Amino acid sequence: MTSADSIWQAALGAIELEVNRPNFRTWFQGTRGISFHDGRFTVGVPNAFVGEYLARNQRSLIEKTLITLAGQPVQVEFQLSSGEGVLSSPDKEHNLNPRYTFANFVVGDCNRLAYAAATAVAQEPGTVYNPLFIYGNTGLGKTHLMQAIGHEVREREGRVVYATGEQFTNDFIQSLREKCPEDFRLKYRGAETLLIDDIQFISGKAQTEESFFHTFNELHNQNRQIVITADKPPWSLAQIEDRLRSRFTSGLAVTMQPPDLETRLAILSLKARESRTQMIGDVLEVIAREAILNVRELEGRLNRVIAYAKLLQAEPTPELAARAMRDITRASKCGDGCGPGDVIETVATSFNLSPGDLTSPSREKRIVLARQMAMHLLQTVNHLSLTEIGQIMGRRPSTVSHACEKMERDIENDPLLKHQRDEIARTLTKGH
Ligand code: ADP
Ligand code: MG
């Protein structure tokens, strides 16, 4: 990765939190950082249409984000990417990402079972677990593991077809429209190993489901291997037809969970090696310390720290890493006027108290409630960790945890309190 690109990856991490998901996918995916000098940042775009859209509609968000990262004025320009040399671009021929191999996959308690099942399937497709159904939230390595199976089977000259649920749907619709069911059949039913990623996409689409049902049966009857991923276990895919659901559960269903601290550390050091960055263990520990919900987020954090160090032309020390993560979390989650101090002040005003009351030891009912509200907002708006909130409020992390949980319950049961919370959050995220 070039340094401009690692900065851009960091910026994308922040932008992803600002725009909605379809927008992000449509306009930002496939962009990359090309160069950065003299305050000019060049973003590579896959086509002119995307470039025009971004220049017209997202320029200020992009510049704002880059300025936060760079700490200096930045002007952004867009340029057509040549489309080559991007490390993670899927290989055209068999559309598998070359990085997604077993060798690049870190095994921990969170994914051990899924990993074991995947390697077993890769070694003997069609015999052990058929279908193999891998489920879990987004960003936990489902696609990575599935494509690792694909790579390994391909190495032994096996015919692998990988498609997302979305592609499967599009191919199916196209085959109907262009009246070429044979092409469709050839592609999918000719597979020795069929990998369908994010199957939830086809749920509720009756005709596509039907077509997948037949594909599934035909392959399964011939002992061809089928691997499926989804964001939920088969029995929770509410919209999927019963007969498909029962097919999905007829093999093995395994889950993937968010990584624990040890696994996070191992993943970070692998990713640091991959991007050829020198990072001492202490730095990685700072990045790994906070829990995360998905691995992509973890990579985003690492990229931020790398970008930060490059921008400041400084060694990535633990202090620098801590600062990079703090600054970015704040900058990306809310605009100016939304630091912890602002939260305490705004909450105090809303409850007719003074900021000092909130951090005081007082057990007075109203103060306790306001204090819990502040902790809740520091958690949900500022995304601070329990430890960080504890430091600000002078409480133990376990106390913070209880307070936040209680506040969430109270808000759910008390519309007035919920209204008050929403008002405060609105004031905060608008900036004063
Ligand atoms: P999902 O398909 O579950 O949404 P992905 O497979 O796309 O998740 O993973 C997101 C990113 O995290 C990818 O870059 C992937 O390489 C990385 N990743 C996830 N789990 C691991 C792991 N255990 N070891 C190494 N990289 C991982
Ligand atoms: Mg995926």
Side-chain angles (χ1 to χ4, degrees), residues 1 5-6 8-10 12-13 16 21-22 24-25 28-30 32 86-91 95-119 122 132-152 162-169 194-203 227-233 236-237 253-275 277 279 284 287-288 291-304 306:
M1 222 189 288
D5 199 39
S6 63
W8 182 242
Q9 294 307 323
L12 285 180
E16 195 171 2
R21 213 177 142 74
F24 186 82
R25 279 181 47 176
F28 288 95
Q29 244 169 35
R32 61 190 179 111
V86 187
L87 192 68
S88 60
S89 84
D91 184 325
N95 73 353
L96 297 179
N97 187 324
R99 280 200 307 119
Y100 290 174
T101 59
F102 284 126
N104 285 341
F105 190 83
V106 174
V107 186
D109 285 341
C110 54
N111 57 31
R112 198 178 306 282
L113 196 61
Y115 176 81
T119 47
L132 173 61
F133 192 102
I134 304 172
Y135 64 91
N137 282 335
T138 180
L140 295 180
K142 298 184 297 296
T143 299
H144 187 140
L145 206 51
M146 168 179 256
Q147 295 201 0
I149 299 175
H151 282 298
E152 194 161 315
Y162 168 87
T164 60
E166 188 171 4
Q167 274 164 320
F168 183 90
T169 307
L194 177 64
L195 312 171
I196 299 287
D197 204 357
D198 290 324
I199 192 80
Q200 71 272 6
F201 191 87
I202 72 164
S203 64
V227 185
I228 297 163
T229 72
D231 60 350
K232 290 189 202 70
S236 304
L237 286 170
V254 285
T255 171
M256 299 184 74
Q257 298 291 330
D260 52 34
L261 177 63
E262 206 186 336
T263 315
R264 293 202 292 275
L265 261 174
I267 293 175
L268 281 172
S269 63
L270 178 103
K271 301 288 170 189
R273 269 202 312 280
E274 267 181 11
S275 64
T277 344
M279 281 270 177
L284 297 184
I287 306 174
I292 41 133
L293 290 177
N294 78 57
V295 178
R296 226 172 267 124
E297 205 179 313
L298 195 63
E299 291 182 66
R301 285 192 199 169
L302 176 68
N303 286 335
R304 282 167 200 171
I306 295 173

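Side-chain atoms are counted along with the backbone in the values below, which use heavy atoms only and exclude waters and symmetry mates. Quick caveat: nothing in here was measured; it's all calculated off a predicted structure. Heads up: numbering here begins at 1 and tracks the sequence. Each ligand, and each atom within it, is numbered from 1 in the order the structure gives.
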Practice prompt. On the 0 to 90° scale, with breaks at 30° and 60°, tag the His144-Phe105 ring pair as parallel, tilted or perpendicular.
Written response: perpendicular
Practice prompt. Could you tell me whether a side-chain N or O of Arg32 sits under 3.5 Å from a main-chain N or O of Asp5, the two making a donor and an acceptor?
Written response: no
Worksheet item: What's within reach of the Mg ion (ligand 2), meaning protein N/O/S atoms under 2.8 Å?
Response: Thr143 OG1
Discussion item. With a 4.0 Å heavy-atom cut-off, what residues sit around ligand 1?
Written reply: Arg99, Tyr100, Asn104, Phe105, Val106, Asn111, Asn137, Thr138, Gly139, Leu140, Gly141, Lys142, Thr143, His144, Ile267, Lys271, Val295, Arg296, Glu299
Worksheet item: With a 4.5 Å heavy-atom cut-off, do Thr255 and Pro233 have their side chains touching?
Response: no
Item to complete: Look at the rings of Phe28 and Phe24 and say which category their plane angle falls in: under 30° parallel, 30 to 60° tilted, over 60° perpendicular.
Response: parallel
Item to complete: Give a yes or no on whether the backbone of Asn137 and the side-chain of Lys142 come within a donor-acceptor separation of less than 3.5 Å.
Response: yes
Worksheet item: Strictly by modelled atom types, are Asp197 and Thr143 linked by a side-chain donor-acceptor pair under 3.5 Å?
Response: yes
Worksheet item: Are any non-hydrogen side-chain atoms of Leu284 and Leu302 less than 4.5 angstrom apart?
Response: yes
Discussion item. Can you confirm whether Ile228 sits close enough to Tyr135 that some side-chain heavy atom of one is under 4.5 Å from a side-chain heavy atom of the other?
Written reply: no
Worksheet item: Between the main-chain N or O of Ala114 and the side-chain N or O of Asn111, is there a donor-acceptor pair closer than 3.5 Å?
Response: no
